[in-house]
There are 2 protein chains.
Amino acid sequence: MKLSELNSRSVCPLASTLEIIGDRWTLLVIRDMMAGRQHFKEFEAGPERIATNILSDRLRKLLAWGLIEKFPASPVSKQKAYRLTDLGESLRPVMNAIADWGLAHIEGTEKRISA
Amino acid sequence: MKLSELNSRSVCPLASTLEIIGDRWTLLVIRDMMAGRQHFKEFEAGPERIATNILSDRLRKLLAWGLIEKFPASPVSKQKAYRLTDLGESLRPVMNAIADWGLAHIEGTEKRISA
DNA sequence: CTGTATCCAGCCGGATACTG
DNA sequence: CAGTATCCGGCTGGATACAG
């Protein structure tokens with residue numbers, strides 16, 4: 001299911017975007033990639049402890065939508081890694097807006113992304 | 001459960017905010033209020049056809065978090081209506097960021113919120 | 001290491017009926 | 001009008017095992 005084939009509930013850009021990022025996990029995977037993480041294990045090791053089946057599912061969806069891509073982790077090994085496409089990168093303002101709100105209004109949140 | 005008592009999955013402001021708006025309905029209710037809607041029936045009549053039990057649930061949560069409030073719809077009648085609190089209003093940049101992204105990247109979306 | 005598969009409890013949410 | 005209640009199918013997601 002490509003982004004262009006997304007069947008939205010309505011013509012509303014908010015509702016349509018929520019079909020993609022309107023859940024509790026997708027944006028966290030994207031956050032990790034924005035922080036430079038590239039491997040399955042790295043995503044799995046995040047502080048929220050995403051389950052492997054959920055992670056697998058989200059990676060598949062993000063690939064299908066063209067928000068992320070696989071690439072060779074090194075020229076020699078066959079190992080693959082994930083990174084954001086330009087389209088995925090374009091979510092950065094969205095991520096920042098959400099994170100900024102949390103930082104301003106939810107007690108106990110911290111700016112630094114845990115490494 | 002007040003916002004100050006939100007038990008987040010992590011210290012990450014993104015993850016924490018997603019505990020509140022990380023679903024496919026909450027932000028749509030907020031959108032409707034930002035568009036001036038105030039009554040249960042008006043939210044229910046939105047283009048995405050939210051189910052009444054879901055709407056009821058989200059209104060309750062938003063009230064508990066202090067993002068919306070009830071107020072008398074008119075000085076004479078006892079009718080109540082909903083509106084955003086200042087805290088709820090502060091989500092506007094988040095809403096706009098998400099809607100802007102959809103408008104730019106998802107085909108078929110339209111700027112105008114259906115009245 | 002990078003995932004996929006499976007079991008399974010519980011929540012989400014659509015449809016509908018009903019109450020104040 | 002403003003919700004609450006209930007039925008119930010299906011998805012979400014945690015735990016664990018397993019495969020390439």
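Within every chain, numbering begins at 1; the chains are lettered A, B, ... in the order of the sequence lines, protein sequences first and strands thereafter. Given the structure is predicted, the values throughout are model-derived calculations rather than measurements.
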Checklist entry - Stepwise, does the salt bridge (charged side-chain N to carboxylate O under 4.0 Å, His left out) test hold for B/R58 with B/D23? => result CA-CA 10 Å; B/R58 296 304 189 274; B/D23 79 281; 3.2 Å; yes

Which nucleotide, [options], lies nearest any side-chain atom of [X]?
| X | options | result |
| --- | --- | --- |
| B/N53 | D/dA2, D/dA15, C/dA15 | C/dA15 |
| A/R24 | D/dG13, D/dA2, C/dG13 | D/dG13 |
| B/A51 | C/dG14, C/dG3, C/dC12 | C/dG14 |
| A/K41 | D/dG13, D/dC1, C/dC1 | C/dC1 |
| A/Q79 | D/dG13, C/dG13, C/dT2 | C/dT2 |
| B/F40 | D/dA2, C/dG14, C/dT2 | D/dA2 |

Next on the checklist: Has A/T85 got a side-chain atom pairing as donor or acceptor with A/G66's backbone, closer than 3.5 angstrom?
Outcome noted: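 Looks like yes, one N/O pair under 3.5 Å.
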
Between [N] ([atom2]) and [X] ([atom1]): distance, integer Å:
| X | N | atom1 | atom2 | answer |
| --- | --- | --- | --- | --- |
| B/Q38 | D/dA2 | CD | C1' | 14 Å |
| A/I50 | C/dT2 | CD1 | P | 15 Å |
| A/I54 | C/dC12 | CD1 | C1' | 14 Å |
| B/L55 | C/dC12 | CG | C1' | 15 Å |
| A/L63 | C/dT2 | CG | C1' | 13 Å |
| A/D57 | D/dG13 | CG | C1' | 10 Å |
| A/K80 | D/dG20 | NZ | C1' | 15 Å |
| B/L59 | C/dG13 | CG | C1' | 15 Å |

Should [X] be listed as having a side-chain N or O under 4.0 Å from OP1 or OP2 of [N]?
| X | N | value |
| --- | --- | --- |
| B/Y82 | D/dC1 | no |
| A/H39 | C/dT2 | yes |
| B/W25 | C/dG13 | yes |
| A/K70 | C/dG3 | yes |
| B/R58 | C/dG13 | yes |
| A/R60 | C/dG3 | no |

Item to check | Candidate pair A/L59 and A/F43, rule side chain to side chain contact (heavy atoms under 4.5 Å, CB included), full reasoning | outcome: CA-CA 10 Å; A/L59 288 172; A/F43 305 135; 4.3 Å; yes

Checklist entry - Between A/T52 and A/D23, which is nearer to the 5' end of DNA chain D once each is assigned its nearest nucleotide? => result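 It is A/D23, whose closest nucleotide lies nearer the 5' terminus.
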
Checklist entry - If you measure only the distance, is there a donor-acceptor pair under 3.5 Å linking the side chains of B/E107 and A/S4? => result no

Checklist entry - Is A/R83 positioned over the aromatic face of A/F71, cation under 6.0 angstrom from the ring centre and no more than 45 degrees off axis? => result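 Positive - A/R83 is close enough to the ring of A/F71 and near enough to its axis.
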
Next on the checklist: Quick check for you: to the nearest 0.5 Å, what is the distance between A/T109 atom OG1 and A/L103 atom CG?
Outcome noted: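 It is 4.5 Å, given to the nearest 0.5 Å.
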
